[in-house]
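Here is the structure we will look at.
Read the numbers this way: they start at 1 and go in the same order the structure lists the ligands and their atoms. Keep in mind that the numbers below use all heavy atoms, side chains included, and drop hydrogens, waters and symmetry copies.
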Amino acid sequence: MSHPKIGFGEDIHRLIEGRKLILGTVEIPHSLGLLGHSDADVVLHALSDALLSAIGEPDIGFFFPDNDASIEGIDSKKILSFAVRKVKEAGYKVGNASISILAERPKLRPYIDKMKEGIAKILEVSPSDVGIAAGTNEGLDAVGEEKAIKATAITLLLPLID
Ligand code: MG
C-alpha cells in the first residue's frame with residue numbers, strides 16, 4: 001500500500017548587478033538579480049529539490065549539473081516540470097506545497113499571487129495548494145545584507161492509487 005510522502009528543499013543564490021530577478025516563475029523589477037547557471041529561480045530550485053527528495057531521488061544539481069554548458073541559462077520552470085514528471089513516474093501527485101522566501105528587498109507581497117498561479121500550473125494543483133510566505137532576514141547575514149535570497153520548501157505527495 002502506498003502512503004503519502006513529505007519532501008523538504010532549500011536553496012540560496014547570490015544577488016548581483018546585471019541579472020534578472022526571477023522568483024517563483026515571476027520576473028520582478030529590481031536593481032539586482034540572482035546569479036546562477038540557470039535563470040537562478042531559487043524558489044523553484046528549493047521546490048524541485050523538495051519534490052525529488054520526497055520520492056528519494058537525488059537533488060537537481062545531480063540532474064542539472066552547473067558544469068553542463070548545454071543547460072546554461074535554463075528556465076527553472078523546466079527543472080520543476082522535470083521534478084513533477086519524476087513524481088508522477090514514482091506513482092505520486094503533488095498534494096500541496098509550502099514555501100518560504102527570505103529577501104531583504106524588494107517587497108514581494110505584490111507578486112505572491114502571480115507566483116502561486118505560476119507554480120500551481122506546473123504542479124498541476126490549485127493555487128490554494130501553494131502557500132508562499134515572504135519575509136526579510138532583519139538585516140542579518142548575507143540575506144539581510146542583500147547579498148543573497150534564500151528559499152525553503154516543503155511538499156506533500158499523495159499516491160495516485162492507494
Ligand atoms: Mg539553485
Side-chain angles (χ1 to χ4, degrees), residues 5-90 94 96-108 111-112 114-125 130-137 140-157:
K5 291 186 168 213
I6 193 167
F8 171 76
E10 65 181 340
D11 196 19
I12 187 166
H13 279 257
R14 284 177 189 272
L15 268 173
I16 62 159
E17 287 179 358
R19 289 271 300 183
K20 285 179 181 174
L21 178 61
I22 300 170
L23 291 173
T25 76
V26 179
E27 187 175 331
I28 296 169
H30 191 45
S31 54
L32 304 171
L34 294 174
L35 178 65
H37 188 61
S38 65
D39 66 6
D41 187 332
V42 67
V43 176
L44 297 198
H45 293 181
L47 182 54
S48 300
D49 273 347
L51 295 174
L52 292 169
S53 176
I55 53 169
E57 289 282 346
D59 57 50
I60 58 171
F62 174 83
F63 294 107
F64 301 91
D66 64 7
N67 57 6
D68 181 350
S70 73
I71 55 167
E72 191 167 355
I74 187 177
D75 182 338
S76 295
K77 293 197 287 295
K78 289 182 184 164
I79 297 175
L80 183 58
S81 297
F82 169 86
V84 170
R85 198 159 67 242
K86 282 282 192 190
V87 163
K88 284 187 196 167
E89 284 169 9
V94 177
N96 74 303
S98 183
I99 296 162
S100 168
I101 310 169
L102 287 181
E104 211 62 19
R105 277 190 324 128
K107 284 280 169 251
L108 300 180
Y111 307 100
I112 297 290
K114 211 173 164 199
M115 287 186 207
K116 281 162 60 103
E117 269 174 43
I119 292 169
K121 199 171 162 190
I122 301 168
L123 297 184
E124 298 175 19
V125 298
V130 179
I132 303 178
T136 72
N137 216 36
L140 298 165
D141 300 331
V143 170
E145 291 163 10
E146 295 182 48
K147 290 178 182 164
I149 289 179
K150 189 176 178 184
T152 51
I154 291 180
T155 189
L156 184 72
L157 305 184

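The nearest N/O/S atom of His13 to the Mg ion (ligand 1) is NE2. Nearest to the Mg ion (ligand 1), among the N, O or S atoms that Asp11 has, is OD2. Within His45, the N, O or S atom lying nearest to the Mg ion (ligand 1) carries the name ND1.
A side-chain N or O of His45 and one of Asp11 form a donor-acceptor pair less than 3.5 Å apart.
Between the Glu27 side chain and the Lys20 main chain, no donor and acceptor come within less than 3.5 Å of each other. Using a distance-only test at 3.5 Å, with no hydrogens or angles considered, no donor-acceptor pair links the side chain of Asp49 to the main chain of Asp59. No donor-acceptor pair closer than 3.5 Å links the side chain of Arg14 to the backbone N or O of Leu35.
In summary, no N, O or S atom of Asp41 is located under 2.8 Å from the Mg ion (ligand 1).
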